[in-house]
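We use all heavy atoms of the structure for the numbers below, so side chains are in, but hydrogens, waters and symmetry mates are not. Numbering of residues begins at 1 and proceeds along the displayed sequence.
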Amino acid sequence: MSSLVLDLQEIDKTQLLLVGGKGLNLGGLSKIKGIKVPEGFCVTTMGYQRALEQNEAYYALLNRLTILKAEDRNEIGEISRQIRQIIMEVELPSDVMDAVTHYLSRLGEEHAYAVRSSATAEDLPHASFAGQQDSYLNIIGKKAIMQHISKCWASLFTDRAVIYRMQNGFDHSQVNLSVIVQRMVFPQASGILFTADPITSNRKLLSIDASYGLGEALVAGLVSADCYKVQEGKIVDKRIATKKLAIYGRKEGGTETKQIDPDQQTTQTLTEPQILQLARIGRQIEAYFDCPQDIEWCLVDDTFYIVQSRPITTLYPIPEANDQEGHVYVSVGHQQMMTEPLKPLGMSIFQLTSFGARFKAGGRLFVDVTPMLASPDSRDNLLNSLGQSDPLIKDALVTLIERGDFIKSVSNDKKEPRLSNINKRKSPAGFQAQIENDPTIVSELIKSSQVSIEELIQNIQTKSGSDLFDFILEDIQQLKKILFDPQSLGIIMAAMDASTWINENMNKWLGEKNAADTISQSVQSNITSEMGLALLNVADVIRPYPEIIYYLQHVKDDNFLDELVAFDGGQETQAAIYAYLNKYGMRCSGEIDITKTRWSEKPTTLIPMILSNIKNHEPNAGDRKFEQGLQEAAQKEQELLERLKQLPAGEQKAIETKQMIDLIRNFSGYREYPKYSMVNRYFAYKRALLKEAEQLVQAGVIHKQEDIYFLTFEELQEVVRTNKLDHQIISKREDEYKLYVKLTPPRVITSDGEIIAGEYKRENLPAEAIVGLPVSSGVIEGRARVILNMEDADLADGDILVTAFTDPSWTPLFVSIKGLVTEVGGLMTHGAVIAREYGLPAIVGVENATKLIKDGQRIRVHGTEGYIEII
């Protein structure tokens with residue numbers, strides 16, 4: 001057996017580097033009993049390497065290409081063109097030509113062949129690279145086949161292939177190309193079969209696209225295709241397209257496009273028995289490769305041939321359950337404003353802290369809500385709660401319930417799901433019975449939490465080794481008591497319910513929408529909104545010193561604080577920033593993941609925000625902003641109460657409303673505190689664990705401190721105990737994490753892999769309106785600043801921030817903006833709460849906002865009605 005050319009039957013699953021992804025998969029397909037694959041062979045990557053191994057010009061150009069970035073399009077285009085030209089001019093090595101001739105003689109030189117590229121970075125489980133290299137159909141004659149082998153090699157350096165590799169982190173010098181030569185089949189029909197539905201990701205629903213002639217017309221987008229859906233052996237949906245064109249092979253070689261007879265254009269391409277037969281083939285192939293497949297097929301004389309199969313790389317992984325029952329999973333990240341993946345250490349510690357977040361998939365956490373959805377009583381509570389945090393989750397679950405094919409009710413009273421009762425609210429008397437309206441409750445809870453944190457910071461410094469891990473586990477129990485303290489939860493719920501009561505009743509009685517938004521401005525004890533105003537005060541300290549401002553504009557090093565003392569005003573600046581970090585330095589974007597870099601670890605993160613505050617605000621802006629919010633809230637309160645007194649039974653309505661306003665003013669600020677308490681403790685844990693990591697580095701157990709981020713808490717505990725670690729675990733998880741970053745997590749996913757999408761149901765909106773959830777009232781017009789990374793923020797006064805999500809760490813940016821749009825969020829998520837307190841019109845839960853709105857566009861945000869217009 002030659003290693004230069006392999007028959008498809010000779011290929012085994014260890015030979016990816018010889019035959020590439022497509023060749024490897026075709027080799028596997030040819031071994032499945034009952035699956036027809038056109039005969040053929042593979043010119044391995046050794047042939048490609050042999051052809052170019054002595055070519056210095058090729059390697060010189062390759063080195064130039066390696067230092068470019070994907071944005072350098074012109075240079076990429078020119079260097080790639082030169083590499084393609086070199087490859088086309090290189091003569092095929094004689095031993096390669098001899099081996100190809102040998103295999104052609106076995107199959108018959110007189111036949112037509114498909115000559116197809118197969119790169120080593122192609123059709124992989126994590127990167128499909130579909131269509132990046134070229135393939136050629138209906139090639140006749142040995143000389144033509146040899147020429148097209150060179151053409152396939154050259155297609156490794158098309159502009160699109162080079163840029164795609166750059167974007168996906170593949171080294172050009174490590175990617176090689178093999179070429180598959182297969183007997184050409186001339187189908188009456190062809191198409192694509194997905195063993196999981198590409199729209200919903202449902203793994204039980206197969207999707208078949210079918211059209212006449214060769215599949216190239218379909219792949220190239222020249223024709224519409226019939227679409228058939230098959231589930232559990234039954235055709236559940238059919239859409240018959242008008243098929244005007246088809247590509248066919250010509251007798252003399254090559255292909256041609258033909259018009260289809262008008263009476264055949266709307267005929268179903270495949271019969272129903274053929275559809276079901278193809279579905280069975282798809283399931284057989286999926287079982288062989290053990291993952292959902294994207295399969296290219298041809299129908300020749302009532303026989304299906306498979307010409308390609310690759311993993312579907314766009315599917316989100318399914319959370320793993322221990323049974324075969326149907327489950328519904330809800331994303332934790334969409335409620336925590338952290339839809340990025342968590343590293344294993346961060347995930348395991350957050351799981352230890354929280355209830356219910358047991359299921360992992362794609363580096364994210366999910367909760368199985370199936371038991372709660374099965375009972376109408378718990379279902380109402382769940383939907384009500386999720387509606388507050390993310391209405392799109394609630395709508396997706398309602399869609400699933402009303403569909404009736406997945407959730408089975410277990411209620412004893414046989415009642416239908418009571419979706420109409422979701423928003424029932426207590427009366428004011430109910431609130432009073434539930435919790436005393438006493439503002440000192442908040443100050444006592446904060447004081448108790450602060451004492452607990454100070455004790456933790458003092459005690460954890462004395463712990464190391466196994467004692468440290470035992471200590472952290474004990475302290476997490478203390479943290480859970482704080483997070484789930486009934487009194488703490490009670491006042492948070494009282495404020496939330498009071499806001500809803502105000503909004504519902506002021507609208508009903510006075511026609512006033514979202515009155516609670518104004519009432520919520522500048523409340524006491526909101527640690528997150530105070531954080532934004534405190535950074536304005538830091539800017540005030542620095543503002544009188546132009547030398548320091550200039551220095552900060554050019555700082556790159558996180559040691560800049562030590563160098564400040566050399567400047568006039570440096571000591572004051574240093575003291576102000578250190579004071580800020582002492583109180584807020586444990587915060588950062590994505591702070592529920594303990595592995596994320598905190599502001600105290602990278603204080604340069606704060607510099608753009610400080611400079612923005614100096615540029616966009618006058619001195620004492622923080623105090624004025626808070627005082628303005630106080631006045632607007634007081635004026636709104638007075639206005640509402642006076643208007644209510646003019647109504648029938650107005651005095652009683654005013655008394656009840658005043659009770660609700662006091663609940664909002666006294667308690668709503670505290671909602672942000674439990675998370676602040678949690679991240680304080682997380683930072684203490686992190687510093688202690690990094691000390692242990694330093695010991696492991698010195699002992700040679702790990703390469704760098706950050707390696708511990710890719711171990712779970714339990715695994716790290718064992719490594720510290722034994723001083724042993726298989727380092728392949730770290731590199732494997734680092735690679736997995738890079739893949740997870742590229743995935744978009746669903747809000748709701750079932751155990752079938754089906755992603756259920758929610759939607760907003762609105763009427764009478766402008767035709768081009770971008771719809772979301774209104775969370776803070778008002779209408780504002782301004783420049784959209786689309787910012788995905790807080791450190792990249794360059795805001796001017798009056799800008800509208802458009803981003804994927806905000807957590808508390810984004811709050812310092814809120815003092816410089818006039819409105820907020822996010823892709824994730826609900827009424828009570830951090831961005832919404834702070835937007836209301838700062839009086840910023842805000843809309844959250846806007847699907848694909850960062851793609852639909854372009855940076856710099858002028859937009860109008862309708863914060864009361866919940867839609868955005870691009871002006």
Pair E591-Y676, side-chain donor/acceptor within less than 3.5 Å:
no
Using only atom types and a distance under 3.5 Å, with no angle test, would you say the side chain of R364 pairs donor to acceptor with the backbone of G333?
no
Treating R671 as the side-chain partner and H830 as the backbone partner, does any N or O pair qualify as donor plus acceptor under 3.5 Å?
no
Mark yes or no for whether T829, through its side chain, and G831, through its backbone, hold a donor-acceptor pair below 3.5 Å.
no
Run the numbers on Y673 and T528 for side chain to side chain contact (heavy atoms under 4.5 Å, CB included), then give the verdict.
CA-CA 8 Å; Y673 200 85; T528 305; over 6 Å; no
Is the backbone of M531 close enough, under 3.5 Å, to the side chain of R587 for a donor and an acceptor to pair up by distance?
no
For N526, is there any backbone N or O sitting under 3.5 Å from a side-chain donor or acceptor partner on S529?
yes
Do the side-chain N and O atoms of Q635 and E639 include a donor-acceptor pair separated by under 3.5 angstrom?
no
Closest heavy-atom contact between V815 and N613?
CG2-OD1, 3.4 Å
Side-chain donor/acceptor of E823 to backbone N/O of T850, under 3.5 Å:
yes
Main-chain N/O of D540 paired with H617 side-chain donor or acceptor, under 3.5 Å:
no
Polar side-chain atom of D368 near backbone of H327 as donor-acceptor pair, under 3.5 Å:
no
Taking D517's backbone N and O only, do any of them form a donor-acceptor pair with K636's side chain (distance below 3.5 Å, no angle check)?
no
Shortest non-hydrogen separation from P439 to N437 and the atoms involved:
CD-O, 3.9 Å
Y685 and D475: side chain donor to acceptor below 3.5 Å:
yes
Between the side chain of S668 and the main-chain N/O of I664, is any donor-acceptor distance below 3.5 Å?
yes
Taking side chain as C-beta onward, heavy atoms only, is L813 less than 4.5 Å from W810?
yes
Going by atom types only, do D807 and S809 share a side-chain donor-acceptor pair under 3.5 Å?
yes
If we ignore angles and hydrogens, is there a donor and acceptor under 3.5 Å between the side chains of E837 and Q521?
no
Return the orientation label for the Y838 and F814 ring planes: parallel under 30°, perpendicular over 60°, tilted otherwise.
perpendicular
